[in-house]
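As a basis for the values below, the full set of heavy atoms in this structure was taken, side chains included, without hydrogen atoms, waters or symmetry mates.
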Amino acid sequence: MRDGTTPNYRHTLSACCFGYITQAIVNSFAPLLFLTFQSEFGIPLEQITLLVTLNFCIQLTVDLLSVKLVDKIGYRPCAVAANLFAALGLVGLGTLPSLLPDPYIGLLCSVALYAVGVACWKCWSVPSWRRAPSRTRRESWQTSTPSTAGAACW
């Protein structure tokens, strides 16, 4: 830093830890609703299970393509984009199937949106997390979160 002080990673590390929790919610939410999608929209279960495959295929593709983008535009815009895509996907999951003529297309679009968000999140959080000293990582997690849901953070 310019003034000779050590950088404080507390906010970055807190964002990373809460991102782990968000990622877990996003990746677990749609499978919890499979039977609801089947009964509510009449979509066959075989078709619904393809949502998980789509989710992870998009995540892998975006992971591969976004590495250089993160280095080029920086971590902060990627963090904002990750949260925006994840939020849009989750909101879409609740609204798009009812708004579109084919509910399955709404589910596909929603899953695609939040898959991009999760992949973007991984591309900025892992390098950010690793740059911080290990002591700072432990302190950040212990003071920023009252639960142990993301103990994997440290």
Side-chain angles (χ1 to χ4, degrees), residues 9-132 134 136-137 140-141 144-154:
Y9 291 95
R10 177 163 279 168
H11 289 77
T12 301
L13 295 176
S14 295
C16 290
C17 289
F18 288 116
Y20 275 113
I21 295 167
T22 303
Q23 181 183 13
I25 291 168
V26 166
N27 280 326
S28 302
F29 192 62
L32 291 173
L33 299 175
F34 278 0
L35 296 176
T36 303
F37 295 153
Q38 185 182 26
S39 64
E40 182 77 22
F41 302 116
I43 301 170
L45 198 54
E46 295 82 19
Q47 213 175 4
I48 291 174
T49 56
L50 290 175
L51 297 173
V52 174
T53 304
L54 175 72
N55 176 20
F56 290 112
C57 285
I58 289 175
Q59 283 186 38
L60 287 172
T61 303
V62 172
D63 283 346
L64 291 172
L65 297 175
S66 64
V67 172
K68 294 216 184 272
L69 181 67
V70 172
D71 288 338
K72 188 174 190 174
I73 66 172
Y75 296 116
R76 188 171 293 211
C78 290
V80 172
N83 289 310
L84 183 65
F85 277 106
L88 287 173
L90 286 175
V91 169
L93 202 59
T95 58
L96 287 179
S98 301
L99 294 176
L100 296 176
D102 184 1
Y104 189 64
I105 299 298
L107 292 174
L108 288 172
C109 292
S110 300
V111 168
L113 283 170
Y114 73 63
V116 169
V118 169
C120 288
W121 176 82
K122 287 187 289 185
C123 287
W124 74 264
S125 67
V126 173
S128 298
W129 185 263
R130 291 180 185 234
R131 283 190 351 207
S134 62
T136 306
R137 291 194 299 248
S140 175
W141 181 250
S144 67
T145 305
S147 97
T148 58
C153 287
W154 57 279

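- Between Y104 and L50, the closest side-chain pair of non-hydrogen atoms falls below 4.5 Å.
- Scanning all heavy atoms of the two residues, the minimum distance from C109 to L96 falls at CB-CD1, 4.0 Å.
- Between the side chains of N55 and Q59, at least one donor N or O lies within less than 3.5 Å of an accepting N or O.
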Problem - F41 and I48: CA distance, side-chain angles, deciding distance, side-chain contact (heavy atoms from CB on, under 4.5 Å) verdict - result: CA-CA 11 Å; F41 302 116; I48 291 174; over 6 Å; no
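- Summarising the geometry, atom CD1 belonging to I43 is positioned 7.5 Å from atom CG belonging to L51; distances are rounded to the nearest 0.5 Å.
- The distance from the CD atom of Q38 to the OG1 atom of T49 is 10.0 Å, given to the nearest 0.5 Å.
- Nearest heavy atoms, F37 versus A30: CE1-O, 3.9 Å.
- With sequence neighbours left out, D102 forms a salt bridge (Lys or Arg N to Asp or Glu O under 4.0 Å) with no residue at all.
- Residue F34 places its CZ atom among more than 12 non-hydrogen atoms of other residues, nucleotides or ligands, all under 6.0 Å distant.
- Across I73 and C78, no two heavy atoms sit closer than the pair CD1-SG, 3.8 Å.
- No more than 12 heavy atoms of other residues, nucleotides or ligands shown are found within 6.0 angstrom of CZ on F85.
- Of all the heavy atoms in V116 and I58, the pair that sits closest is CG2-CG2, 3.8 Å.
- Between the CG atom of N83 and the CG atom of L88 there is a distance of 11.0 Å, given to the nearest 0.5 Å.
- Distance check, rounded to the nearest 0.5 Å: CG of L84 to CG of L113 gives 9.0 Å.
- Within the model, atoms CG of L33 and OG of S28 stand 11.0 Å from one another, a figure rounded to the nearest 0.5 Å.
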